[in-house]
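Numbering of residues begins at 1 and proceeds along the displayed sequence. Reckoned from all heavy atoms, side chains included, excluding hydrogens, waters and symmetry mates.
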Amino acid sequence: MPLTLRALTDLTTLPFDEVIDVRSPSEYAEDHIPGAINLPVLSDDERARVGTIYVREDRFLARKIGAALIARNAAAHLQGPLADRDGGWRPLVYCWRGGQRSGSLAAIFGQIGWRVDTVAGGYRAFRRLVVEALYDRPFAPPVVLIDGGTGTAKTRLLAHLAAAGGQVIDLEGMARHRGSVFGPTGAGQPTQKTFESGLAMAMTRLDPARPVYLEAESSKIGNIVVPPSLWQAMLAAPRIGLSAPLAARAAHLAADYADLTADQDRLAGVLDRLVRYHGHAQVDAWKALAAEGAFAALAEDLVRVHYDPRYARQSRHGATRLAGFDLPDLSDDTLTAVAREIVAGERGRGG
């Protein structure tokens, strides 16, 4: 009997060893239940072919061809990725609507002897729960924003807060973007839906009675839009401010952006985006520093000329300030001490 997901928390408590998304690779790439592996029973091309036959030719023929393709692909999965699964393995399988694709693979698994279930409503049922959490309901825990100019190690402080026992959501980490013109990291940003699924599942692990710490962001992180329920909570949230010496901030940025400084062409391309704000002469001077390998000097000048003036213009002057930390440096010892002080003060702040 298909399993009905009544809340996202169900996915953290259900007794399954593995969640399997049997949709096509492109469907899986757009979004999937976090942690699910992709074992498609129809490839993108096969799905398009069967769908065309179903609509334009003959429904029976489409089902017959689809069944043959599913059987062949299921055999490849059984002999490949699933070859080492023993008799006690228990999978949860889903497709788009919880119908033929997941049901077909579940039937094969059941004949083998595995205790398998499918998700009623498939991925669409999961997506509805994500939308409810991020668009239809208020964000439950109180939000506290970590604020400060570029290079004040706000993201690193989030990691220290988590280590000190605080509740943390790293939006930039989830969005794979540093929140600036120099921001993209790794292989690029996730889709909006993938970001939202990860965020919604992270929210299931939060204690609504305790504050959750986030970095102060704009409503967009690169191409990712912060969903409405969280954004409204962030707009109303009190802030903890960070400041640090310019030299310490520059050294932190030079280390944090090592992936970018290692690629001169990419760095030059990003600097070119600042011509509209500062003109060719200034950007050429920054490129010269980059060519010399003077990355700390480059970071310091970017903070002084570009980032700090923008931060001063964009700061929310009406926001409640819970605390401020004028850090002597940005060492791990300093950030650890600050994180412990912030978490220890939760009770006094009503958290």
Hydrophobic cluster membership, [X] vs [Y], 4.5 Å side-chain cutoff:
X	Y	result
F195	L214	yes
L3	V116	no
L335	V144	yes
V225	V143	no
L271	F295	yes

Separation between [atom1] of [X] and [atom2] of [Y], rounded to the nearest 0.5 Å:
X	Y	atom1	atom2	value
L61	I65	CG	CD1	4.0 Å
I112	R85	CD1	CZ	12.0 Å
L289	E300	CG	CD	10.5 Å

Heavy-atom donor-acceptor pair, [X] side chain to [Y] backbone, under 3.5 Å:
X	Y	result
Q189	A175	yes
R249	T150	yes
K154	G241	no
Q264	A290	yes
S104	Q100	yes
D10	R6	yes
D17	R90	yes

Between [X] and [Y], which heavy-atom pair has the shortest distance, and what is it?
X	Y	result
C95	V22	CB-CG2, 3.6 Å
L8	M201	O-CE, 3.8 Å
G99	S102	O-OG, 3.4 Å
P328	P245	O-CG, 3.5 Å
D147	R239	OD2-NH1, 2.9 Å
P208	L206	CD-O, 3.4 Å

Close side-chain approach of [X] and [Y], heavy atoms under 4.5 Å:
X	Y	answer
L92	I20	no
V226	M234	yes
W286	L274	yes
L39	D21	no
Q111	I108	no
Y213	L145	no
R340	T336	yes
T204	T12	yes

*Could you pull out all residues at least two apart from W89 that satisfy ring pair (Phe, Tyr, Trp, His ring centres under 6.0 Å)?*
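Applying ring pair (Phe, Tyr, Trp, His ring centres under 6.0 Å) to W89 gives F109, W114.
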
Identify each donor-acceptor pair in which a side-chain atom of residues 163-171 lies under 3.5 Å from a protein atom, sequence neighbours left out, and give them as a table.
| residue | atom | partner | partner atom | Å |
| --- | --- | --- | --- | --- |
| Q167 | OE1 | D207 | N | 2.5 |
| Q167 | NE2 | D207 | O | 3.1 |
| Q167 | NE2 | R210 | O | 3.2 |
| Q167 | NE2 | P211 | O | 3.3 |
| D170 | OD1 | E172 | N | 3.3 |
| D170 | OD1 | G173 | N | 2.9 |

*Hey, are K287 and D272 close enough for a salt bridge, meaning a charged N less than 4.0 Å from a carboxylate O?*
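Salt bridge flag = yes for D272 with K287.
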
*Of all residues at least two apart in sequence or in a different chain, which pass the salt bridge (charged side-chain N to carboxylate O under 4.0 Å, His left out) check with R49?*
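Salt bridge (charged side-chain N to carboxylate O under 4.0 Å, His left out) list for R49, sorted by chain: empty.
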
_Partner set under salt bridge (charged side-chain N to carboxylate O under 4.0 Å, His left out) for D329, not counting sequence neighbours_ =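 For D329, no residue satisfies salt bridge (charged side-chain N to carboxylate O under 4.0 Å, His left out) once neighbours in sequence are set aside.
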
*Sequence-distant partners of A288, side chain to side chain contact (heavy atoms under 4.5 Å, CB included), two or more places apart*: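 Counting only residues at least two positions away or on another chain, A288 forms no side chain to side chain contact (heavy atoms under 4.5 Å, CB included).
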
_I'd like to check the side chain to side chain contact (heavy atoms under 4.5 Å, CB included) partners of R59; sequence neighbours left out, ordered by chain and number._
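For R59 the side chain to side chain contact (heavy atoms under 4.5 Å, CB included) partners, ignoring immediate neighbours, are Y54, R63.
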
Let me check something: any side-chain donor-acceptor pairs from residues 67-79 under 3.5 Å, sequence neighbours excluded? List them with distances.
| residue | atom | partner | partner atom | Å |
| --- | --- | --- | --- | --- |
| R72 | NH2 | E46 | OE2 | 3.2 |
| N73 | ND2 | V41 | O | 2.6 |
| N73 | ND2 | E46 | OE1 | 3.0 |
| N73 | ND2 | L69 | O | 3.2 |
| H77 | NE2 | P40 | O | 2.7 |

*Evaluate the salt bridge (charged side-chain N to carboxylate O under 4.0 Å, His left out) criterion for residues D259 and R266: first the C-alpha distance (whole Å), next the side-chain angles of each, then the deciding distance (0.1 Å), finally the verdict.*
CA-CA 10 Å; D259 62 313; R266 181 181 162 209; 3.7 Å; yes

*Partners of D326 by side-chain hydrogen bond (donor to acceptor under 3.5 Å, both in side chains), sequence neighbours excluded?*
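D326 satisfies side-chain hydrogen bond (donor to acceptor under 3.5 Å, both in side chains) with S243 only.
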
*Please list, chain by chain and in numerical order, all residues satisfying side-chain hydrogen bond (donor to acceptor under 3.5 Å, both in side chains) with T191, sequence neighbours excluded.*
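Residues passing side-chain hydrogen bond (donor to acceptor under 3.5 Å, both in side chains) with T191: T194.
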
List the atom pairs, donor and acceptor, that lie under 3.5 Å between side-chain atoms in residues 129-142 and the rest of the protein, sequence neighbours left out.
| residue | atom | partner | partner atom | Å |
| --- | --- | --- | --- | --- |
| Y135 | OH | E196 | OE2 | 2.5 |

*asked:* Does atom CZ (R124) have a neighbourhood of more than 12 heavy atoms from anything else shown, all under 6.0 Å?
replied: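 Yes, because the 6.0 Å sphere around CZ of R124 holds more than 12 heavy atoms from other groups.
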
*Go through the steps for R156 and D332 under the test salt bridge (charged side-chain N to carboxylate O under 4.0 Å, His left out), then give the verdict.*
CA-CA 9 Å; R156 281 176 56 207; D332 285 334; 2.9 Å; yes

*Do we see a donor-acceptor contact under 3.5 Å between the side chains of D117 and Y94?*
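Looking only at side-chain atoms, Y94 and D117 do not form any donor-acceptor pair under 3.5 Å.
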
Check residues 25-37 and write down every donor-acceptor pair under 3.5 Å in which the side-chain atom is one partner and the other belongs to a residue at least two apart or another chain.
| residue | atom | partner | partner atom | Å |
| --- | --- | --- | --- | --- |
| S26 | OG | S24 | OG | 3.4 |
| S26 | OG | D44 | OD1 | 2.5 |
| E27 | OE1 | S24 | N | 2.8 |
| E27 | OE1 | S24 | OG | 2.9 |
| E27 | OE1 | R101 | NH1 | 2.9 |
| E27 | OE2 | R47 | NH2 | 3.4 |
| E27 | OE2 | R101 | NH2 | 3.3 |
| Y28 | OH | A36 | O | 2.7 |
| D31 | OD1 | S197 | OG | 3.0 |
| D31 | OD2 | Y123 | OH | 2.7 |
| D31 | OD2 | S197 | OG | 2.7 |
| H32 | ND1 | Y28 | O | 2.9 |

*asked:* With ring-ring contact (aromatic ring centres under 6.0 Å, His included) as the rule and sequence neighbours excluded, what pairs involving residues 216-261 come up?
replied: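 For residues 216-261, and leaving out neighbouring residues, there are no ring-ring contact (aromatic ring centres under 6.0 Å, His included) pairs at all.
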
